[in-house]
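Atoms within a ligand are numbered from 1 in the order they appear, just like the ligands themselves. Keep in mind that what you see is a predicted model, and the values were worked out from it rather than measured. For the numbers below, each heavy atom of this structure counts, side chains included, while hydrogens, waters and symmetry mates do not.
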Amino acid sequence: KHKEYYICILIIITKILFLLKGSRDETRYIILSVSVVVCVFIFSRPSVQRLLFGACACGQCVSDIAHDTWFQKRYDPYAQPLLTKKNCILSNALYWWWQLQYKSRVNYNAVAEMLFGIFPNEEDYSDAGPGRCRTCAVVGNSGNLKGSHYGALIDAHDLVIRINKGPTEGFEQDVGSKTSHRIIYPESAVDMDNSTHLVLIPFKTVDLQWLISVFTTKHIDRTYVPVKPSIKANRDKVMILHPGFLKYIQERWMQKHGRYPSTGFITLIFALHICDQVSVFGFGADENGNWHHYFEQNKHHHNAGNHGGSYEYSIALKLHEKKRIHLYKGW
Ligand code: C5P
């Protein structure tokens, strides 16, 4: 790829020099103006800037795909994490894959059309580049956070992304108090404060209907189980993950292990796409091999269910070994 850019620039320069030789003044002027515009266009491309000045302003950048075939095979720098008005029409293949996860009779297109009259339609996080160093903490709910004293370290990140019901109140010393994003689905929803982005994982079309209902009529109180018809959250900070992003995670990262990825793993891959440096907390078993939540007393064995839990953890470990993320394992 590097070679292609340099060859391209070399060809343009040679062409300009060739055309300038012996040409009249006004032709010269036109050729020079056109070549300046072409050069400005080429050098303003994010991909060229990344190539010349680096993927981000941190010492090491998560999205730097050079020299790592394992990562290149999995990480798609062009994957779009968020649903927007522009990308909300799903291809047939994607629609049927998504329907396969949870069959639904709800008309997706009608629901999608309503979404962006209610929620923001911004292309957040498309600002990656050599001038940005965004650090993120992904905080899972594992009991290995208990007694970890990670709180201050977690809060020192630019973004702190929490998952499902994971509380902060009463656990600040171990998990911190800042929450910039909370990833949920209807069945795991909790109240959040005004500055937190609610990030919905739509596993099924009714999840999108539920989101609309929460901020309007509040009439949906059941999906396949009872759900909260209303939660406290800032409508202007709502984000929705793209079903195509879930398919990408399942196919490229999970390599089809399990039926669908867990909320925690989805959050981790989301962070790889919106952050330049990623620290991961609260994933995996505690020192005795118990899988439980840091906010619960009883230690029961975590059931990975459909998620292929240990495969997910092995990918997190591999990302850590490759220094793509830093996985804090608790005490
Ligand atoms: O239990 P819950 O799904 O709310 O936890 C959120 C995420 O935290 C999980 O998807 C998983 O990635 C991580 N977790 C873990 N080990 C635990 C509990 C949760 O890795 N014991």
Side-chain angles (χ1 to χ4, degrees), residues 81 101 136-148 150 154 157 159-171 174-176 179-192 196-204 207 223-225 227-228 231 241 245-246 249-250 253-254 257-273 275 278-320 324-331:
Q101 311 302 304
C136 298
V138 171
V139 188
N141 292 333
S142 167
N144 69 17
L145 282 168
K146 266 189 185 168
S148 66
Y150 283 152
I154 290 174
H157 290 78
L159 306 185
V160 178
I161 313 175
R162 298 188 194 272
I163 304 166
N164 297 335
K165 297 179 196 288
T168 52
E169 217 180 301
F171 302 93
D174 293 334
V175 308
T179 308
S180 64
H181 295 66
R182 186 173 286 278
I183 310 259
I184 54 135
Y185 48 97
E187 297 80 11
S188 75
V190 285
D191 290 340
M192 44 199 99
T196 301
H197 287 279
L198 181 168
V199 185
L200 178 83
I201 305 181
F203 286 113
K204 47 199 181 301
D207 295 353
T223 54
Y224 62 93
V225 289
V227 291
K228 288 191 168 137
I231 53 167
L241 289 190
F245 193 65
L246 305 181
I249 297 173
Q250 179 62 9
W253 285 95
M254 294 293 290
H257 285 81
R259 197 159 68 87
Y260 57 90
S262 73
T263 325
F265 195 70
I266 293 169
T267 309
L268 168 52
I269 306 300
F270 175 57
L272 293 187
H273 282 266
C275 310
V278 177
S279 309
V280 178
F281 303 85
F283 275 56
D286 69 7
E287 76 279 12
N288 300 317
N290 291 309
W291 287 70
H292 68 297
H293 292 142
Y294 66 84
F295 47 91
E296 280 168 355
Q297 279 308 320
N298 58 330
K299 292 192 171 188
H300 59 83
H301 281 275
H302 177 85
N303 178 6
N306 289 324
H307 301 320
S310 60
Y311 186 76
E312 291 183 355
Y313 193 67
S314 72
I315 297 287
L317 278 176
K318 184 103 180 171
L319 284 166
H320 174 76
R324 293 279 161 191
I325 63 171
H326 193 104
L327 185 60
Y328 289 87
K329 296 177 186 161
W331 305 111

Subject >> Residues forming a ring-ring contact (aromatic ring centres under 6.0 Å, His included) with Tyr185, sequence neighbours excluded >> reply: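 Listed in chain order: Phe203.
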
Original post:
So, Tyr294 versus Phe171, ring centres under 6.0 angstrom or not?
Top reply: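 Yes, ring centres under 6.0 Å apart.
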
Between ligand 1 and [X], is the shortest N or O to N or O distance under 3.5 Å?
X	result
His293	yes
Gly264	yes
His292	yes
Phe283	no

List every atom of ligand 1 that sits less than 4.0 Å from any heavy atom of [X], numbering the atoms from 1 in the order shown and giving each element.
X	answer
Ile163	6 (C)
Gly140	8 (O)
Ser262	10 (O), 12 (O)
Asn164	2 (P), 3 (O), 4 (O)

Original post:
Would you call Glu312 and Lys318 a salt bridge, taking side-chain N to carboxylate O under 4.0 Å as the test?
Top reply: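 No, Glu312 and Lys318 are not salt-bridged.
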
Original post:
Between atom OG of Ser142 and atom NZ of Lys329, what is the distance when rounded to the nearest 0.5 Å?
Top reply: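 Between atom OG of Ser142 and atom NZ of Lys329 there are 13.0 Å.
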
Original post:
Does a side chain donor of either Ser279 or His157 reach within less than 3.5 Å of an acceptor in the other side chain?
Top reply: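 The criterion, which ignores hydrogens and geometry beyond distance, is satisfied for His157 and Ser279.
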
Subject >> Residues forming a side-chain contact (heavy atoms from CB on, under 4.5 Å) with Thr168, sequence neighbours excluded >> reply: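 Checked Thr168 against side-chain contact (heavy atoms from CB on, under 4.5 Å); matches are Arg162, Val175, Thr179.
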
